[in-house]
Structures are given as structure tokens and as C-alpha cells.
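Residue numbers count from 1 along this sequence.
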Amino acid sequence: MKKLLLFVLTITSLLSFSQNVRFEGIIQDTNKQPLEMANIMAMNQATKGMDSYAITNDKGRFVLNLKPNTTYTVKLSYLGMQNKELTITTESENITQNITMESGGIDLEGVEIVREMPVSIKGDTIVYNADSFKNGTERKLEDVLKKLPGVEVNADGEVEVEGKKVTKLMVEGKDFFDGDTKLGVKNIPADAIDKVQVLRNFNENSILKGVENNQDNLAMNIKLKDGKKNFWFGDVTAGGGMDDKNKFDRYIINPKLFYYNPKYSINVITNFNNIGELPLTIQDYFKFTGGFRSMMSKGGSSFNVLSNDLGVSLLRNNRAKEIDTKFGATNFSYNPSKTWTLSGFGILSSSVTDIETVTNTNYLKPNSTEVASTENRNQIAHQNSRLGLMKLSSLYKPNANFQMDYDVLSKFSKQDEDNSLLREVIDEDNISTTETILSNKTQNPATINQNLSFYYTPTSKHVFALEMQHLYQEEDPFYNANLQTQPFNLSGYIAGQNRNDINQDRFVKTNKIDTKLDYYYMVTPKSNINVTFGNTYSYQNFNSRIFQILDNQDINNLDDAENTNDVNYRFNDAFLGLHYKLLTGKFTLTPGFSIHNYSLNNTQLGSNYKQNFGRILPDFLAIYQIKKAESLTYNFSFNNNFTDINRLAEGYVFNNYNSLTSGNRTLENAIQQSHSLRYFKYNMFNFENISAFINYNRTVDAVKNRALFNNVNQVSSPINSAFADESLSGNLRYGRSFFKYYKASISANLNWSKYNNIQVDRITLEDVLLTNESFSQTYDLKASTNFRNFPNLELGYGYSVNQYPNDTFYTDRPNAKLEYFFLKSFSFVSEYEYFHYYNKDKSVENEYDFLSASLIFQKTKDSHFEYKVSVTNLLNTKALKDNSFSQFSTSDSQYTIQPRYLIFTLKYNL
């Protein structure tokens with residue numbers, strides 16, 4: 001079947017190519033100089049439609065593929081040149097003709113041409129005309145983006161253009177849920193989209209645009225069709241259905257409303273369902289930045305506040321045994337005046353999830369592939385997660401020389417998880433024991449992040465930037481485990497109970513203030529000196545206690561010092577940075593360094609432990625701009641990486657019922673040396689895009705774990721490793737669009753790492769150094785068509801290899817998607833995924849696949865009502881498998897997923 005499909009695609013392609021007449025040549029000015037990125041398109045005089053278009057390369061060359069025996073009007077446009085039209089009639093022979101354009105064009109005269117071109121370039125902006133790529137099956141922004149040349153959308157809703165991640169999504173120039181692209185990609189209606197603008201070298205602040213390096217910053221702006229402005233638009237979807245047992249208890253309600261005008265905008269998105277749709281996952285919540293920048297990245301130090309979460313189980317691919325979701329979000333923007341903009345968003349999400357997992361974990365002997373002990377677990381988890389996000393932003397810019405920004409982002413959540421677990425432990429003597437474990441995890445973290453910034457340029461030679469950020473964070477995780485056996489020998493513990501009921505509560509509070517003043521002096525129009533004064537101050541408090549509930553319900557507090565924590569930790573980093581930026585020819589060079597003074601003090605166990613020292617950290621950035629859309633970038637830096645209070649608190653902390661951790665107050669910072677080389681090329685002439693990078697990191701004094709195992713139970717503590725960790729990663733991606741209807745890409749990701757930990761020999765109690773290497777490879781191939789009047793097929797194949805010291809795992813992932821818009825009213829979409837997962841000797845092997853299909857009826861393009869019938873998990877796959885690896889163990893897991901659902905929905909388009 002696969003061979004037949006490939007054969008049909010090949011024949012179709014050959015036929016399409018054989019019927020074309022090539023019209024090619026060079027576009028130049030009156031001085032015979034080639035014009036790069038000039039727009040040219042051929043309008044069929046009979047059909048009044050556009051049959052072909054092109055953008056010239058750096059030599060001014062263009063190629064149009066036209067129909068034989070047809071008369072065309074060829075339109076040309078280029079900034080600063082007069083628009084030009086010429087008429088040609090094709091026969092069966094190819095045509096070669098050079099075209100000269102006259103200077104003196106006016107920008108406004110080119111607006112119509114730019115709007116008609118499927119793709120055009122204006123400076124750092126790429127403009128895609130959305131209607132040129134739609135085939136009728138699109139329902140949301142994601143469906144449109146996947147068809148654009150040079151644009152990729154992954155399963156998480158993250159958008160990449162030219163191999164770079166889009167960090168900001170806007171609609172009509174207004175932020176759309178700043179700091180995330182997923183909500184826009186998954187919800188903005190496709191029929192509202194007129195243009196997709198990709199803004200390269202993006203900087204929100206025009207004052208800093210000329211002095212900072214923005215080569216990796218990408219933003220995307222969605223331009224709406226005229227009929228969608230100053231009017232409410234969107235849709236309301238409601239539906240119901242049945243599961244594989246014909247029980248009619250599935251539902252979805254999904255209203256989406258949008259309003260845009262020049263002064264204000266409002267977006268409202270809601271979703272209530274129990275069919276597995278998760279508009280916002282827990283992973284999305286934790287990585288949602290709200291658009292806050294890493295403002296201290298130039299300083300060379302990192303002090304990352306770790307999350308104190310309890311490891312609430314995360315979903316794989318939004319699939320679980322049962323998921324019930326309630327979601328609501330609103331985004332707004334308002335201009336009280338021409339100089340002041342207010343914007344923000346609010347998100348509330350609630351999900352109830354059941355996760356059923358079977359896990360086999362093998363714990364390894366030190367420096368061996370032999371299994372020391374095995375733990376088999378059958379686990380059922382019931383989760384209730386409530387998540388909230390709110391942001392308010394203010395931008396005041398009275399003139400081109402001054403700007404003031406204020407942002408506040410608050411995140412809060414309430415998460416509960418009840419676990420029922422049956423485990424079997426097989427020790428190295430092959431003795432098996434079985435027990436039932438009940439556990440409960442609850443946590444209610446809250447975070448408030450504020451930013452205040454001032455930017456001022458009194459003259460063209462001087463720029464000042466003052467930026468301040470404040471982070472306030474509270475975390476209060478609580479853990480309870482009810483076991484038949486007691487895994488750890490805790491002082492003060494009362495043995496002999498019917499069950500071992502162990503509890504721990506924690507409270508962690510963080511205040512962190514970052515302040516940075518930058519001064520830029522423009523030495524020449526192509527060089528500047530940047531002086532930075534910065535300071536990071538953090539104060540943290542960590543409290544925890546362990547207690548036991550006895551059979552008679554009395555509480556036994558384990559008050560010994562090893563079971564409690566009362567820690568205060570102060571960290572301060574004051575630094576001075578100096579950088580020089582120079583543009584010379586095709587090179588941009590930015591050498592620099594920063595001088596730091598560090599002061600650390602942690603108070604616990606009735607004493608202080610202080611560290612005070614200084615350090616000089618160099619860095620260097622070089623950009624070689626080979627052509628307008630081709631570059632090579634090298635980046636080098638030394639970084640001091642500091643741990644936070646979680647690794648310093650020396651009292652025991654429960655990670656899980658079989659894992660206990662104690663901190664190390666004498667930990668020192670790790671020093672990381674980083675090198676990266678990145679190549680990028682985007683050729684608008686043939687819509688070819690190539691991106692590649694290679695990264696190397698070497699970390700000295702890395703904070704690693706020292707672990708002591710008692711059978712499957714682990715007690716660990718962090719140490720500074722005397723041995724360097726290393727990692728090398730690389731990526732290569734090649735993509736191209738062919739003859740307007742075809743798009744293909746191939747990519748490869750390689751990752752090698754060498755890392756060290758310490759495992760304590762359980763018999764001799766001596767430290768054993770564990771040095772392991774892993775090597776992972778992932779390859780992906782994709783090809784798709786985009787016809788208007790024929791079925792469209794997207795084919796993909798992924799192959800991954802994960803090499804661990806004790807085994808190698810392989811995964812095959814072929815997939816296909818079929819889209820067909822027919823009879824002017826029907827849309828059919830079907831997706832298929834196949835997974836084959838196995839290890840080297842195939843002692844571990846699993847195969848599963850997914851098939852979904854939907855049929856949509858909309859009488860006409862302008863009809864308000866749309867009817868849809870869809871089937872999820874059509875093959876009724878029951879469970880999935882995955883694996884994980886650490887220096888101490890290997891794990892294989894199988895988790896149950898939702899069954900087949902048949903859903904009927906009605907959508908009303910406003």
C-alpha cells in the first residue's frame with residue numbers, strides 16, 4: 001500500500017512537471033545590477049487566477065512554471081522601483097528573458113502587488129498570503145501554518161520558521177497570550193486569516209533594536225481579513241458522543257470569540273470536554289513565561305529557582321485513561337491614548353485525570369549492566385489539577401526617545417494526586433516480596449513575577465536601559481505514604497505498627513530581585529560599547545518536617561535534626577560587564593567579559609556557612625552574514641551555575657516512598673564552558689531552507705548525586721563532581737517547497753553525553769564512580785501535497801535510536817494524513833500514526849497505532865452552520881509504552897489510554 005501511494009505521488013509529480021513551460025531569466029536595474037528578492041507572478045488572462053510566482057535569488061534569477069498555449073500578464077514589484085507588467089504567450093518551448101526595472105517606485109503603489117503575492121519579503125519581514133495556501137480543509141491557524149513554505153508546527157503547538165522558534169504571537173500587532181504560541185495556533189479560526197507576517201530580528205523595543213543582537217528573535221503577526229475587523233468573529237462548538245461500549249456520555253463545548261479594532265481587542269476561549277482535549281497541560285503551565293525575558297543572560301551567571309513540586313504524574317501526548325477538562329481564557333489589549341498601551345490575559349483550567357501505569361524498573365549494580373534488584377509496579381493515579389495564570393502589561397512611549405514598561409505575571413495552582421500502587425520487589429537473591437502502597441500528594445504553589453523597565457536615548461550616540469525584575473514564590477507541597485514495610489531507618493520512628501503512615505510537609509519561600517543598568521555608546525554607526533552594571537539578590541527560606549501517624553491516630557513528630565529543615569539562604573551577585581559590538585563587512589563581532597563578586601550565606605543547624613569570591617567570565621559572539629538570508633553564527637561563553645536552597649537543606653526530604661534526599665550546605669557553583677555554531681540559509685528563489693547547529697558543553701564541579709541503595713530504596717545527596725561532564729549535540733534540517741503544490745523536509749538530531757555520579761556500594765559502603773555515556777539519534781522525513789481540487793496526502797517517517805550503557809532502544813514512527821475538500825461542501829481529514837518500539841535483542845518490544853477520522857459538512861463557504869462527525873482512536877488501541885534511563889536504573893512503562901470515541905458536533909460560525 002505504501003509503495004502504491006509513493007508511486008501515485010511520483011507519477012502525479014512527473015505529469016505535473018512535464019506539462020509545465022519554464023519562463024526564466026534575470027531581473028535587473030538600469031545599471032544591469034541584479035535585484036535580489038524582487039516579486040514576480042504570472043496571472044492567467046483566461047482564468048484571472050495566478051498560476052505561478054517567484055522571488056529572485058541573489059543573482060536576480062527567477063523561474064516560473066507555466067501552462068503551455070496560455071497568455072499571461074506578468075507583474076513585477078520591487079521596493080524603490082516602478083511596478084512593471086508585461087504580456088507573454090506560452091507555446092511548448094521554454095522561454096528565457098531578462099527584465100529591466102526602472103527606479104522611482106513609490107511604496108504605496110506596490111501594496112496591491114504585495115497583497116496578491118503568495119510570499120513576499122519586505123526588509124526583515126516575510127509575508128505569506130494565507131488564501132494562496134488554503135485548500136478548504138483548514139479550521140485553525142495551525143492548519144494554515146503547516147502549509148506555508150519554511151514554517152513548521154510541532155505537536156506542542158510551537159512554531160518554527162527558518163529553524164528558529166517563534167517566541168511571540170500577535171494578531172493585528174497586539175499580543176495574543178504573550179509567552180505562548182499554542183493557544184493561538186490551536187484556536188484562531190483559519191477563515192479569519194488574511195496574512196501571516198514573520199518578523200525576523202525582532203525586538204519589541206525600537207530603542208534597543210540597533211544596539212542589541214536580535215538574530216535569534218522571531219515573532220509572528222496575524223493580519224485579519226477586512227470583514228473580521230470591528231466585528232465579533234469566532235465560533236461556538238457543541239457536541240456529544242459515545243465510547244467503544246456504546247455509552248453516550250462524551251461531550252465537548254468550545255466557544256471562541258474574538259474582537260479587534262485599532263483601539264482595543266478582546267479574545268475569549270473556553271473548552272469543556274471529556275474526550276481528551278487539553279488546551280493547557282501541566283507542562284504548558286510550568287513553561288508559560290508570559291513573555292518575561294531572561295534579562296541577566298549577558299551576565300554570565302545563572303541562579304535558577306527550582307520547582308519544589310512533588311512529581312505529579314504528567315500525561316504523555318495528552319493521553320490517559322480518563323480526562324475531564326474545563327478551560328477558560330481571555331486576552332485583551334487597550335490603548336487609552338496613542339502613547340499608552342494596556343494588555344493582559346487571564347487563564348483558568350481544571351482537569352480531572354485518571355492514569356493507569358504498569359512499570360518495570362531494574363536497578364543496576366555499580367559500573368555494571370547486571371541487575372541488582374527489580375521493582376514491578378501496577379499504579380492507578382487520580383489527579384485533580386486547577387491552574388491559573390494572570391498577566392497585566394503597561395507600555396508607555398510618549399516619543400521615540402523614551403519608553404517605560406511594566407509587567408506583572410501571577411501563576412497559582414492547586415494539585416492533588418491519590419495513588420494506589422501494588423508493587424513487587426525482587427532482590428539480588430531472587431527473593432520476591434509484594435505490598436500495597438497508598439500515597440497522596442498535594443501542592444498549592446503561587447508565583448508573582450514583576451518587571452519594570454526604562455529606556456532612554458537622549459541623542460543618537462547614547463542609549464540607557466534600566467531593567468528590574470522581582471520574583472516572589474511560595475510552595476507548600478505535602479506528601480503522605482502508607483506502606484506495609486518501612487523503607488528507611490529514620491531516627492525517632494516507632495516500629496511495629498500495622499501500617500507505616502509517613503508524612504512530610506514543606507514550605508519554601510523565595511524573593512529574588514534582578515537589577516541591570518545598560519549604557520550603550522555609539523562609537524560609529526556600525527560599532528558601540530556596552531557597559532553593564534548588574535546585581536542579583538535572592539533570599540530563600542525552607543522549612544520541612546516528617547511525622548508518623550500511629551495506629552491509634554496519634555502523631556509522632558520526628559524532630560531530630562536529620563528529619564527537619566529550617567534553612568535561610570542569601571545569594572548576591574554584583575557584576576560589571578563590558579562588550580564591544582562591531583559590524584565590519586559581512587561580520588558582526590561582539591567580544592566581552594563580566595567581572596563578578598559573589599556572596600553566599602546559608603543558615604541552618606545553628607550556624608552560618610558563607611562563601612565570598614570573585615570571578616571573570618568571558619564571552620564572544622561572531623555572526624558571518626554570508627548573504628541576506630544566509631548566516632553562520634558562533635557563540636562562546638563561560639557561565640557560573642548556582643543551585644538554590646533545595647540542594648542545600650541537609651534534613652531529609654521525601655521524593656517518593658522509596659527515595660529520600662538530604663542536601664549539602666557546602667555545595668559550590670558549577671562552571672560551564674559552552675560553544676555553539678549555527679548555520680542558516682533561506683532561499684526564497686526555490687523556497688529552500690537549511691538550518692544546522694552544533695553545541696558543545698563542558699561542566700566542571702557539576703552538582704551530581706551520591707546515592708546509596710538498599711534494595712530498591714534510595715538515599716541520595718548532592719556533591720560537586722571532581723570529574724567533568726560533557727555533552728555534544730547537533731541538528732540538521734533541510735526543507736523545500738516544489739512548484740507550489742509540494743513540500744518536503746528531512747531532519748536529523750544527534751545527542752551525545754558523558755556524565756558522572758557516585759553510587760555507594762551497599763556492602764563496603766565505599767564510593768564508586770559511575771561514568772556513563774549515552775547517544776541518541778532521531779531522524780524525520782516529511783512530504784506533503786497542497787492541491788485545491790484533489791486529495792492531499794502528508795507522509796512522514798521517524799526513526800530514533802537511544803543507546804544506553806546496558807541496552808539500545810529503537811522506535812519506528814511512520815505516519816500519514818489525508819485531507820480532501822470535495823463537492824464544495826465536504827471536508828474529510830484522517831490521520832494515522834504507527835509506533836514500533838523495541839530493544840536490541842527484542843526482549844522488549846511493543847507495537848501500537850492510532851487512526852482518527854472526521855467528516856465536515858458546510859453548505860457554502862459563508863454558511864454559519866457546520867456539521868462534523870469524528871472518531872478518535874478508531875483502532876481502539878488500549879495502551880502505550882515508553883522507557884527511561886538513569887545511571888542507576890532502567891525503566892519500561894505501559895500506560896492505559898482513552899478508548900475509541902464517536903463524536904457528533906455542531907459549530908456555529910459568527
Side-chain angles (χ1 to χ4, degrees), residues 137-140 142-143 146 153-157 182 185-187 190 235-254 256 269-281 284 314-327 349 351-357 383 793-794 796 813-820 826-835 846-858 866-882 894-907:
T137 61
E138 302 82 10
R139 290 298 179 270
K140 51 195 174 184
E142 176 182 31
D143 302 325
K146 287 181 176 180
V153 183
N154 65 23
D156 293 328
K182 180 177 179 179
V185 165
K186 299 287 186 182
N187 289 283
D235 54 69
V236 180
T237 300
M242 62 186 72
D243 59 21
D244 60 328
K245 298 177 182 177
N246 296 324
K247 188 176 180 181
F248 199 90
D249 61 353
R250 302 292 113 183
Y251 69 89
I252 179 170
I253 303 171
N254 184 202
K256 294 176 287 188
I269 301 170
T270 60
N271 196 327
F272 307 89
N273 75 86
N274 63 354
I275 62 172
E277 284 193 10
L278 274 172
L280 188 76
T281 66
D284 296 330
L314 301 178
L315 301 183
R316 288 99 158 176
N317 303 317
N318 294 350
R319 292 179 176 133
K321 185 177 182 180
E322 183 73 26
I323 307 174
D324 195 323
T325 301
K326 297 176 177 61
F327 174 84
S349 178
S351 62
V352 178
T353 308
D354 291 330
I355 302 174
E356 185 174 325
T357 311
Q383 295 179 1
L793 186 63
E794 179 182 316
R813 297 175 285 107
N815 59 85
K817 182 178 181 179
L818 176 66
E819 296 180 340
Y820 189 27
F826 291 91
S827 297
F828 177 76
V829 179
S830 181
E831 296 185 63
Y832 175 76
E833 299 174 275
Y834 171 80
F835 297 84
N846 190 36
E847 295 180 78
Y848 49 88
D849 51 2
F850 291 96
L851 177 64
S852 64
S854 63
L855 179 65
I856 300 173
F857 172 76
Q858 187 177 12
E866 180 179 292
Y867 307 88
K868 178 180 178 182
V869 57
S870 59
V871 185
T872 63
N873 193 5
L874 190 59
L875 303 176
N876 211 19
T877 299
K878 301 295 185 181
L880 307 184
K881 276 191 176 183
D882 63 8
Q894 175 177 290
Y895 55 99
T896 304
I897 63 171
Q898 289 178 292
R900 176 174 55 233
Y901 294 146
L902 176 65
I903 308 296
F904 302 90
T905 56
L906 171 64
K907 182 164 76 173

Identify the two heavy atoms, one from [X] and one from [Y], that lie closest to each other, and give their separation to 0.1 Å.
{"X": "Ala320", "Y": "Thr353", "result": "CB-CG2, 3.8 Å"}
{"X": "Gln898", "Y": "Gly276", "result": "OE1-CA, 3.2 Å"}
{"X": "Asn815", "Y": "Arg813", "result": "ND2-O, 3.5 Å"}

If the threshold is 4.0 Å, N to carboxylate O, is there a salt bridge linking [X] and [Y]?
{"X": "Lys140", "Y": "Asp235", "result": "no"}
{"X": "Glu142", "Y": "Lys186", "result": "yes"}
{"X": "Glu794", "Y": "Lys146", "result": "no"}
{"X": "Lys817", "Y": "Glu819", "result": "yes"}

Decide yes or no on side chain to side chain contact (heavy atoms under 4.5 Å, CB included) for Leu278 and Asn271, but give the supporting numbers first. CA-CA 9 Å; Leu278 274 172; Asn271 196 327; over 6 Å; no
Side chain to side chain contact (heavy atoms under 4.5 Å, CB included) between Thr281 and Lys182, worked out: CA-CA 11 Å; Thr281 66; Lys182 180 177 179 179; 4.1 Å; yes
[atom2] on [Y] to [atom1] on [X], rounded to 0.5 Å:
{"X": "Leu902", "Y": "Phe248", "atom1": "CG", "atom2": "CZ", "value": "8.5 Å"}
{"X": "Asn876", "Y": "Ile897", "atom1": "CG", "atom2": "CD1", "value": "8.5 Å"}
{"X": "Met242", "Y": "Asp249", "atom1": "CE", "atom2": "CG", "value": "10.0 Å"}
{"X": "Ser852", "Y": "Glu833", "atom1": "OG", "atom2": "CD", "value": "7.5 Å"}
{"X": "Phe327", "Y": "Leu280", "atom1": "CZ", "atom2": "CG", "value": "5.5 Å"}
{"X": "Lys256", "Y": "Lys907", "atom1": "NZ", "atom2": "NZ", "value": "6.0 Å"}

Side chains of [X] and [Y] in contact at under 4.5 Å (non-hydrogen atoms):
{"X": "Glu866", "Y": "Ile856", "answer": "yes"}
{"X": "Leu818", "Y": "Tyr832", "answer": "no"}
{"X": "Pro279", "Y": "Thr325", "answer": "yes"}
{"X": "Ser830", "Y": "Phe828", "answer": "yes"}

Checking Asn273, Ile275, Val871 against Ile903 for side chain to side chain contact (heavy atoms under 4.5 Å, CB included), the one that qualifies is Ile275
Aromatic contact between Phe835 and Tyr848, with the criterion being ring centroids under 6.0 Å apart: yes or no? yes
Do the side chain of [X] and the main chain of [Y] share a donor and acceptor less than 3.5 angstrom apart?
{"X": "Asp244", "Y": "Arg900", "result": "no"}
{"X": "Thr877", "Y": "Asp849", "result": "yes"}
{"X": "Asn254", "Y": "Thr270", "result": "yes"}
{"X": "Arg250", "Y": "Asn274", "result": "yes"}

Could you walk me through whether Phe850 and Asn873 satisfy the side chain to side chain contact (heavy atoms under 4.5 Å, CB included) test, starting with their C-alpha distance in whole Å, then the side-chain angles of each, then the deciding distance to 0.1 Å, before giving a yes or no? CA-CA 5 Å; Phe850 291 96; Asn873 193 5; 3.8 Å; yes
